[in-house]
There are 2 protein chains.
Amino acid sequence: MTYAFEFKDAREAAFALPELDEGLDPMARMGVRIAYAKDEEIYGQDEDADLIYRVVRGSVRTTRLLSDGRRQIGAFYREGDLFGFESAVHHRFSAEAMQDSVVLVVKRSALKTAGGDLDRMIWTATSRELERTQEHLLLLGRKNACEKVASFLLGLAEGVPSDTVSLPMGRLDMADYLGLTIETVSRMLSQLQASHVVCFSATRQFKVINRAALSRMAQ
Amino acid sequence: MTYAFEFKDAREAAFALPELDEGLDPMARMGVRIAYAKDEEIYGQDEDADLIYRVVRGSVRTTRLLSDGRRQIGAFYREGDLFGFESAVHHRFSAEAMQDSVVLVVKRSALKTAGGDLDRMIWTATSRELERTQEHLLLLGRKNACEKVASFLLGLAEGVPSDTVSLPMGRLDMADYLGLTIETVSRMLSQLQASHVVCFSATRQFKVINRAALSRMAQ
DNA sequence: CGCTTTATTGAGGGCGGTCAAAGAGCGTGG
DNA sequence: CCACGCTCTTTGACCGCCCTCAATAAAGCG
């Protein structure tokens, strides 16, 4: 633990250059940039939740483990996303970098006192987080494997201008997000491809061939 | 829709008497009490989310339907609980009274401008809602039927002084909360009773016989 | 007490999990 | 450049958990 902290100072210096436009972003001035290696923990389950994070580069997942190793992924975060405010007191999930990533870290209290704009930003982010979690709840509780995978691909393809979408995660992360196994995810992907709904050009890159059908399959 | 609104004024009058201590509760003074019959809708999916609700008497569930009738319950609320702030703009779930209930309804904007205390109340309630939803996520995604039911019973028994716990909902509501069918819920309840972990004195009333075992089975 | 709704129990089937093996991707080093 | 080893992905065979369908039992209610 202290080991990680000693490193953080050293890593800050390596990222003095702004990764996002600092002039337009008051949050960037108040925080510290920290680099994390692939699969490195950003914060742990049951840690205090007095910091707020923002993905500057790379991507992040939040995970929760059961004692026997079963894992549930809560959410994925991409560049620009805020995360870490899933709880007011202690984190229920831990956060890990999915690739070598850079994260902006800000004290929650600093944002609270900085003014209405940032306070409002936290509020809307928390609110959106709750919305997304409830959508996720419906997916886990009442959708079958095919609908789960279709929903997931549709979510990734949403708001992407290019017709080619790249997956920032492997099959295991997809499975643990969808409440499935990697084998089932793989089978459903093959099935979607066989029915010409999507087309995989590589294991982590696909195109949506028939968006209407994909949307229908996602319920 | 207008039908419901016409009724609301009439129903207000019937509940002029305070159900909760009004002197200690500034929220109660700003809102309106409305009575709902069993299974009546309090708000609908996709409605504007500019109101905040509090259960004065009875109990409330939030639900979401898929087009083919599959249903997911998001949460149950008991007397004193706040609900309706799962989203900042539009409700993703609808809310229904589980029994004949009385609900205090307050404009979100009224609470926001009323001062720090109430603002803080909304914040902590939203935050707790997010925590609970994430716990629910883990349950739906990675627990088996037995663990789901054990978790559910444990949650109900938590913070209840009496050793006898009463269920405010039927088997269908339990099933739709846990992502199971009523038959599976019933089987798991029978199984938990057969292994002397809990004991049902009636269909909606049980005692925890072995809390350690129940906790273990809930993961 | 009869009627309707809700809960329990049983039999059988299907979806997704488990186990296993083969294939693909990828960095390392010869 | 290919060979090699490692990880990740895909595919197949089989199994088990939970769902479906059905019948019975219990509970709620006028």
Side-chain angles (χ1 to χ4, degrees), chain A residues 37-39 61 66 68-73 98-100 139-153 166-195 198-206 217 219, chain B residues 37-39 61 66 68-73 98-100 139-153 166-195 198-206 217 219:
Chain A
K38 180 167 150 55
D39 295 326
R61 64 170 172 256
L66 289 178
D68 59 358
R70 281 175 286 177
R71 188 178 72 146
Q72 178 63 48
I73 291 186
M98 294 166 66
Q99 321 145 16
D100 293 351
L139 180 145
L140 291 176
R142 285 307 184 201
K143 290 189 181 179
N144 62 32
C146 185
E147 291 166 345
K148 283 177 176 180
V149 172
S151 301
F152 187 75
L153 295 184
S166 63
L167 298 166
M169 76 289 291
R171 299 292 186 263
L172 183 58
D173 280 352
M174 286 181 61
D176 286 345
Y177 179 84
L178 298 174
L180 298 170
T181 61
I182 51 171
E183 293 94 333
T184 300
V185 168
S186 186
R187 267 184 265 269
M188 294 304 128
L189 290 174
S190 299
Q191 189 179 305
L192 285 171
Q193 194 167 18
S195 42
V198 297
C199 171
F200 275 79
S201 44
T203 47
R204 293 199 180 195
Q205 201 163 313
F206 71 96
M217 300 184 86
Q219 270 284 342
Chain B
K38 180 164 151 58
D39 294 325
R61 66 173 170 254
L66 290 178
D68 59 357
R70 282 176 286 177
R71 189 179 72 147
Q72 178 63 48
I73 290 185
M98 295 166 66
Q99 320 145 15
D100 293 351
L139 180 145
L140 290 176
R142 286 305 182 204
K143 291 189 180 177
N144 61 32
C146 185
E147 291 166 345
K148 283 177 175 179
V149 172
S151 301
F152 186 76
L153 295 183
S166 63
L167 298 166
M169 76 288 293
R171 298 293 185 264
L172 182 58
D173 280 352
M174 287 180 61
D176 285 345
Y177 179 84
L178 299 173
L180 299 171
T181 60
I182 52 172
E183 292 95 332
T184 301
V185 168
S186 185
R187 269 184 263 268
M188 293 304 129
L189 290 174
S190 299
Q191 188 179 307
L192 284 172
Q193 193 166 20
S195 42
V198 297
C199 172
F200 275 78
S201 43
T203 46
R204 294 200 179 192
Q205 200 162 316
F206 72 96
M217 302 184 86
Q219 268 283 345

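Just so it is clear: chains get the letters A, B, ... in the order the sequence lines come, proteins before strands, and each one is counted from 1.
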Review point. Does B:Ala37 offer a backbone N or O that forms a donor-acceptor pair with the side chain of B:Asp100 under 3.5 Å?
Key: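 Here the side-chain-to-backbone pair does not exist.
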Please state how far atom [atom1] in [X] lies from atom [atom2] in [N], giving the value in whole angstrom units.
X: A:Arg171; N: C:dG25; atom1: CZ; atom2: C1'; result: 12 Å
X: A:Met174; N: D:dT10; atom1: CE; atom2: P; result: 9 Å
X: B:Gln193; N: C:dA7; atom1: CD; atom2: P; result: 15 Å
X: B:Lys38; N: D:dC29; atom1: NZ; atom2: P; result: 9 Å
X: A:Asn144; N: C:dG17; atom1: CG; atom2: P; result: 11 Å
X: A:Glu183; N: D:dC8; atom1: CD; atom2: C1'; result: 12 Å
X: B:Phe200; N: D:dA27; atom1: CZ; atom2: P; result: 13 Å
X: B:Arg70; N: C:dC15; atom1: CZ; atom2: C1'; result: 13 Å

Grab the two heavy atoms, one from [X] and one from [Y], that are nearest each other, plus how far apart they are.
X: A:Cys146; Y: A:Gln191; value: SG-NE2, 3.9 Å
X: A:Leu139; Y: A:Lys148; value: O-CE, 3.4 Å
X: B:Ile182; Y: B:Leu172; value: CG2-CA, 3.3 Å

Exercise for review: Specify the residue among A:Arg187 and A:Arg142 whose closest nucleotide of DNA chain D lies further upstream toward the 5′ end.
Suggested key: A:Arg187
Review point. B:Met188 or A:Leu189: which one's nearest nucleotide on DNA chain D is closer to the 5' end?
Key: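 By nearest-heavy-atom nucleotide position, the 5'-most residue is A:Leu189.
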Check whether any side-chain N or O of [X] sits under 4.0 Å from OP1 or OP2 of [N], and answer yes or no.
X: B:Ser186; N: C:dA7; result: no
X: A:Thr181; N: C:dG16; result: no
X: A:Ser190; N: D:dT10; result: no
X: A:Thr203; N: C:dG25; result: no

Study note, to complete from the structure: Picking from C:dG16, D:dT9, D:dC18, the nucleotide nearest the side-chain atoms of A:Ala145 would be C:dG16
Review point. Hey, does A:Leu180 reach any base, or is it just sugar-phosphate, or nothing, if we go heavy atoms under 4.0 Å?
Key: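 It contacts sugar-phosphate atoms only.
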Review point. Considering only heavy atoms from C-beta outward, does the side chain of A:Lys143 approach that of A:Leu178 to under 4.5 Å?
Key: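 Answer no - side chains too far apart.
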Review point. Are any non-hydrogen side-chain atoms of A:Val185 and A:Tyr177 less than 4.5 angstrom apart?
Key: no
Exercise for review: Please give the angle, rounded to 10 degrees, between the axes at the start and the end of the helix from C:dC1-D:dG30 to C:dG30-D:dC1, where five pairs define each axis.
Suggested key: 40°
Check your understanding: Testing A:Arg71, A:Arg70, A:Arg61, A:Arg171 for side chain to side chain donor-acceptor pair (under 3.5 Å) with A:Asp176, which one passes?
Key -> A:Arg71
